Every structure is written in structure tokens, then in C-alpha cells.
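Following: one structure in C-alpha cells, then a few remarks.
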There are 2 protein chains.
Amino acid sequence: MSSDPPGFELPLRLFLGFRTLVDELHAELGRQGHPDLRPMHGFVMQAIGTRGTTAAELGRRLGVSKQAAGKTIDTLEGLGYVERGTDPGDARRKIVRLSERGVDSLVRSARIFDDLRARWAATIGEDRLHALEADLRTLTPPDYFPLDVPGWFGGYQ
Amino acid sequence: MSSDPPGFELPLRLFLGFRTLVDELHAELGRQGHPDLRPMHGFVMQAIGTRGTTAAELGRRLGVSKQAAGKTIDTLEGLGYVERGTDPGDARRKIVRLSERGVDSLVRSARIFDDLRARWAATIGEDRLHALEADLRTLTPPDYFPLDVPGWFGGYQ
DNA sequence: TACAATCGACAACGTGGTTGTCTAAAATGG
DNA sequence: CCATTTTAGACAACCACGTTGTCGATTGTA
């Protein structure tokens, strides 16, 4: 099929779709009181979850070292999105939990993403969007959540 | 429509699709003699093009400072993928051109991406993949090529 | 009880990004 | 024609995020 698009357009479009959605999310998030959040912060907080976790566990979940996870937690703690506590059953562990502000940002993010999805559905149709999501679900690994994006893309080794 | 997927799945799937394709590209690229290329290098070389460019122009094209573009060129030059030359008509400008090795990596990348696209077409069907590409083309800006990914995602401001 | 494994912290380093400053060369304008 | 502004590239200082290596403290285990 010589009429097929060249293969390099596909990754570019996927990235642009991702970037467009995330940029619009953060523009709106900024208007709603969270101007200092970066794209990766949302993924990290999602990975922390409502039950909390530790730096080492977070690192494993995100595919980065525990030191890198610890630094990111430092940043989020400085911004007021997470809080550190102790584990009564294990003096080594320090539990990281979302603060009220952290939960608020996740709630708003979910709502904004729903709105953005609705706009996409209005543009190409709900059936087409549904098919797009279904196809991507087929083509991508199910439980994969890599968050080493800066290093992965730019190359820290 | 309470049966619609939550909005946050869409950006995640788009990113995973992008990441899956690029990871498989670089795995194969590594087997074909280019093990030290990072994801961003391909985008940068694509932006340099066969006609060559300058650091300042490259920075404008990629949305980063000329200093950042210059550093990336330093890296690619050290890896042997680009070469610096002078501009006979303007002593200030230093033209950056793809080396033979750089062109080879782009040719191989294009072929590998075509193969990966064919595999996706075999999985979900050429018509569905065609629709997916067409929809993404509708939903994303046409001539946008942002390469500040590490900073954009992680946050250098 | 001695030993191994785990957690969190610290240090050193590499890479990519930024801004600011500087010199040289080119474009502009009176 | 010359003075001024603009542009390109190099250099330095700095920040963010990643890595590996090391360490003390705590927990699990043979």
C-alpha cells in the first residue's frame, strides 16, 4: 500500500495528542489555583494514591531509583502537595501521603480531563474516540506506568 | 454517557503508544549499529534535515534556547552524527549538517517505523489504523514540533 | 544471635534546560 | 560612509532530574 502514511507520523501524532491534552490540562489547572504543577507531578501523585506509599516503593512503581523518587517527593512536599509521616509498624519507612491540596489537584485534573475528552468526542464523534481508545488499549501494555520521561527522552543513561 | 472511559486514560494511552513505538525503534536501532542514540536525537536530526541548519535556527525550530540547541549539537557531534561547517556567506553562522552516519540512522529509523506501523496495522487492521491517524491529525496542531520534552515534563520553568 | 536485606539520607556526577554576558560579524540607517 | 542595532555562537553560573555509591539504622531471617 503505497498510499499508507509514513511510519514516523504515528509516534509524532501520538506524542502531540498527549502533549496537547496535558498542556490544556495544565493551562486550566493553573487557572484553578495550581499554577506550579508540572506534568510529571500529576503522574507521581496518581502513583502515590490515596493510601500513601514510601519513596522506595514509589521508585519501583515508576521505574526510577528510590533516590530519584525521594527527590521528587521533596519537590512535591515543598510545593505542599504531599506530606511525610512515619510508619508505626516500621521505623525505617516514611509514609508519603497526599495533602488536601494534593487531593484537590487530582480531583480537578480528573474533571478537566473528562472535559477535554468530551471536546475530542464532539470533534471526531464518540464512536470514533471510543474506537481510538480501544485500539490504543490493544496496542499498548496494560499495566505499564513509566515515569522516567526526562531521562528516557533526553538520556541520562 | 456514564459508560465512557474516564478522561485520564486517553493521555496515558497516547503516551504509552508513543513510548512503545519509540522504545521498539531504539531497541532495533541498537541492533543495527546505533546503540547510543536517545529518543530526542532522532527528532533533532529530523529537524536539522538534509540541508543543514544553525544552532540558533534549530533552537527556534524546536522551541528551546540557542544555547540548549548548541549543547545538543555538541552531543551529536561527539557521537559522530553531525558535523559543523562554516557559512561562506556569513562568518557568524556555523552550519550543522548530518554526517553519513547521521543520515544512515534516519534512513534506518524510517524503515523501522514503517515496519512497526505495519505490525500495528496487522493487529487492529489497516482501516482502523488509518482512522486513528486521521483522527489524531484532526485533533493535533498541524506544524508543531516541540522538543523541550525533558524540561516540559519535569519542569525547568 | 549473627547475618542479610531494606529504608532513607547524603554525596558526587552526568545531562538537558534556563538566563546573562561577551565578542565578532552583519544589517540597518542617518 | 560611519555609527548603531541586531544576530550568531561561545562561555559561565545555575536549576531540575536522573544515575551510582555509600552510610547508619531498623527489620527479617538462618
Side-chain angles (χ1 to χ4, degrees), chain A residues 19 36-45 47-48 52-79 81-97 146-157, chain B residues 19 36-45 47-48 52-79 81-97 146-157:
Chain A
R19 169 128 189 180
D36 41 14
L37 278 181
R38 302 298 312 169
M40 73 164 308
H41 296 154
F43 289 85
V44 172
M45 288 193 283
I48 292 173
T53 184
T54 67
E57 171 57 28
L58 184 63
R60 280 192 293 266
R61 205 174 297 177
L62 299 180
V64 299
S65 65
K66 60 178 180 176
Q67 292 89 337
K71 285 190 189 182
T72 304
I73 292 172
D74 288 343
T75 303
L76 283 175
E77 191 181 22
L79 291 173
Y81 286 94
V82 303
E83 292 161 347
R84 278 189 166 100
T86 57
D87 184 340
D90 189 335
R92 291 171 307 178
R93 291 157 53 89
K94 293 193 177 175
I95 311 287
V96 183
R97 287 195 182 77
L147 250 295
D148 56 339
V149 176
W152 168 75
F153 195 74
Y156 304 131
Q157 179 72 352
Chain B
R19 171 128 187 180
D36 42 13
L37 279 182
R38 302 298 313 170
M40 74 164 307
H41 295 153
F43 289 86
V44 172
M45 287 193 284
I48 292 173
T53 184
T54 67
E57 171 57 29
L58 184 62
R60 282 191 291 266
R61 204 174 298 177
L62 299 180
V64 299
S65 65
K66 60 178 180 176
Q67 291 90 335
K71 285 190 189 181
T72 303
I73 292 171
D74 289 342
T75 302
L76 283 173
E77 190 180 24
L79 292 172
Y81 286 93
V82 303
E83 293 162 347
R84 278 190 166 99
T86 57
D87 185 339
D90 189 334
R92 292 171 307 177
R93 290 158 54 89
K94 294 193 176 175
I95 310 287
V96 183
R97 287 194 182 78
L147 250 295
D148 55 340
V149 176
W152 167 74
F153 195 74
Y156 304 131
Q157 180 69 351

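Since we're looking at a predicted model, the values are computed, not measured. Chain naming here is simple, since letters A, B, ... match the order of the sequence lines and numbering starts at 1 in each.
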Polar side-chain atom of Arg61(B) near backbone of Ala47(B) as donor-acceptor pair, under 3.5 Å: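 Judged by distance alone, yes, a pair lies under 3.5 Å.
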Return the value, rounded to whole Å, for the distance between atom [atom1] of [X] and atom [atom2] of [N].
{"X": "Glu57(B)", "N": "dG9(D)", "atom1": "CD", "atom2": "P", "result": "10 Å"}
{"X": "Met40(B)", "N": "dT15(C)", "atom1": "CE", "atom2": "P", "result": "13 Å"}
{"X": "Leu58(A)", "N": "dC7(C)", "atom1": "CG", "atom2": "C1'", "result": "14 Å"}
{"X": "Arg38(B)", "N": "dG17(C)", "atom1": "CZ", "atom2": "P", "result": "13 Å"}
{"X": "Asp87(B)", "N": "dT7(D)", "atom1": "CG", "atom2": "C1'", "result": "13 Å"}

Thr54(B) side chain reached by Val96(B) side chain, heavy atoms, under 4.5 Å: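 Side chain of Val96(B) against side chain of Thr54(B), heavy atoms only: no contact under 4.5 Å found.
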Non-hydrogen side-chain atoms of Thr75(B) and His41(B) separated by less than 4.5 Å: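 With C-beta onward as the side chain, the pair touches.
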Rounded to the nearest 0.5 Å, how far does [atom2] of [Y] lie from [atom1] of [X]?
{"X": "Leu79(A)", "Y": "Arg38(A)", "atom1": "CG", "atom2": "CZ", "result": "11.0 Å"}
{"X": "Leu76(B)", "Y": "Arg84(B)", "atom1": "CG", "atom2": "CZ", "result": "10.0 Å"}
{"X": "Thr86(B)", "Y": "Lys94(B)", "atom1": "OG1", "atom2": "NZ", "result": "9.0 Å"}
{"X": "Met45(B)", "Y": "Ile73(B)", "atom1": "CE", "atom2": "CD1", "result": "12.5 Å"}

Angle of first-five versus last-five pair axes in the helix from dT1(C)-dA30(D) to dG30(C)-dC1(D), to 10 degrees: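 It works out to 10° between the end axes.
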Phosphate OP1/OP2 of [N]: any [X] side-chain N/O under 4.0 Å:
{"X": "Ser65(A)", "N": "dT19(D)", "value": "yes"}
{"X": "Arg84(A)", "N": "dC7(C)", "value": "no"}
{"X": "Arg60(A)", "N": "dT6(C)", "value": "no"}

Arg97(A): partners by salt bridge (Lys or Arg N to Asp or Glu O under 4.0 Å), with sequence neighbours left out: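 With neighbours one apart ignored, the set is empty.
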Residues in salt bridge (Lys or Arg N to Asp or Glu O under 4.0 Å) contact with Glu83(B), at least two apart in sequence or another chain: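 If we apply the salt bridge (Lys or Arg N to Asp or Glu O under 4.0 Å) test to Glu83(B), skipping adjacent residues, there are no hits.
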Close residues, residues 88-97 of chain A, relative to DNA chain D [heavy-atom separation under 4.0 Å]: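 DNA chain D contact set from residues 88-97 of chain A: Asp90(A), Ala91(A), Arg92(A).
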Stretch residues 67-77 of chain B: residues that reach within less than 4.0 Å of DNA chain C through a heavy atom: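 Those residues are Gln67(B), Ala68(B), Lys71(B), Thr72(B), Thr75(B).
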Return a table of donor-acceptor pairs under 3.5 angstrom between the side chains of residues 64-72 of chain B and protein atoms on other chains or two or more places apart.
residue	atom	partner	partner atom	Å
Ser65(B)	OG	Ala68(B)	N	3.1
Thr72(B)	OG1	Ala68(B)	O	3.2

